[in-house]
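Not measured: the values here are computed from a predicted model. Naming: A, B, ... by sequence-line order, numbering from 1 per chain.
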Number of protein chains: 2
Amino acid sequence: MKKVADIINRAEQNCKIRGSRLTHKRKQVLSSLIQAEKALSAYELLDIYKAEFGQTIPAMSMYRILDFLQGEHLVHKLNLANKYIACAHISCDHSHAVPQFLICSKCQKVEEISIGRSTITKLQKNVENAGFRLVTPQLEMNCICENCVVNAA
Amino acid sequence: MKKVADIINRAEQNCKIRGSRLTHKRKQVLSSLIQAEKALSAYELLDIYKAEFGQTIPAMSMYRILDFLQGEHLVHKLNLANKYIACAHISCDHSHAVPQFLICSKCQKVEEISIGRSTITKLQKNVENAGFRLVTPQLEMNCICENCVVNAA
DNA sequence: CAAAAATTGATATGTTGTAACATATCAATT
DNA sequence: AATTGATATGTTACAACATATCAATTTTTG
């Protein structure tokens, strides 16, 4: 587990190379998301921002910051949950397979997994047979995590 | 293609057996969804209800009706699109595989497909290895339909 | 019929997200 | 230092989706 500051620094370098800027506010939001270690809504992030950095920023800004971070592949948006989560591979060098997300319906815990190439290929074939094309094979699946299964019983 | 009235009648019988009631308003909404042959948001359904039946009902009622219809497996909710669609197998007798939905990001067209058992099983294995359990293996996938691919070019 | 349960209505509010436009900040020259 | 141009952020207003709460009505059942 790397230190957050290290991850941020590295992300900043990568942004610079791509000609974009990881500004102060963008760093702060990214840092919050990394430390949270779970998915958060834009409005939760606004609350956290205020609590952590003592400043209120407009909702619009948060959405723009999140859009930027997505564009830089530092953050994923979970469309099923309307939440945002730091990329699990944010501090790796190598490129990655398209991520798949498991979202616990009870506690909102999110796990980012990879699914075998062959399974994805099969899925894509099914989709193409129906006359569609996948935009991105990022799947989001409604799940129950082990913890909640146990506690529910 | 069966007549809508027949489908509704049959659905009403099935509800009765299960001890629930397919009331007048519920029938009307279900009928609208069947005839639309596409996914509609709760608020679109409110507009349609007013236009078709000349009565304004509160948003709350529409959501309750949609919850009910989902519970009876007559309607699916598409969480990615915040829309509702009549079950494609609403007038069949036999039980069905869990449906998978392809949603065109451009034109919102929705297709309900089935995916091979083995692919789903693989997916489930992946999920279980990560310590999660699928609530329902209903996948919703962001796609582009053939039509929109052609028109975009 | 009367009590209990289910359904529906009415009002208010919460949550997520975008549009349109104004202002601030930064970095590279002049 | 001043100008300029690009990028980032702020402000206001609003649209779309959804739920909380409580009252009124209808349906079912003892």
When rounded to whole Å, the NZ to C1' distance for the pair A:K50 and D:dG10 reads 16 Å
Hey, which of these two, B:R21 or B:A81, hits DNA chain D nearer its 5' end, going by closest nucleotide? B:A81
Tell me the interatomic distance from B:L40, atom CG, to D:dC17, atom P, rounded to whole angstroms. 11 Å
Rounded to the Å, how far apart are B:L45 CG and D:dC17 C1'? 13 Å
Rounded to whole Å, how long is the line connecting atom OH of B:Y84 with atom P of D:dA16? 16 Å
To the nearest Å, how far apart are A:N82 CG and D:dA16 P? 16 Å
Check whether any side-chain nitrogen or oxygen of B:K83 sits under 4.0 Å from OP1 or OP2 of D:dA16, and answer yes or no. no
Candidate pair A:Q100 and A:L102, rule side chain to side chain contact (heavy atoms under 4.5 Å, CB included), full reasoning: CA-CA 7 Å; A:Q100 320 301 331; A:L102 310 179; 5.8 Å; no
Looking for any heavy atom pair under 4.0 Å, which part of the strands does A:E44 touch: base, sugar-phosphate only, or nothing? nothing
Chain B reaches DNA chain C, atoms under 4.0 Å from its heavy atoms, from C:dA6 to C:dA10
Touch class at under 4.0 angstrom, heavy-atom based, for A:S20 against every strand present: nothing
Using heavy atoms and a sub-4.0 Å distance, could you list which residues of residues 58-65 of chain B are near DNA chain D? By number, please. B:M60, B:Y63
As a check on the pairing definition, encode DNA chain C in dot-bracket form, counting Watson-Crick and G-U wobble pairs whose two distances are under 3.5 Å, and using | for partners outside this strand. ||||||||||||||||||||||||||||||
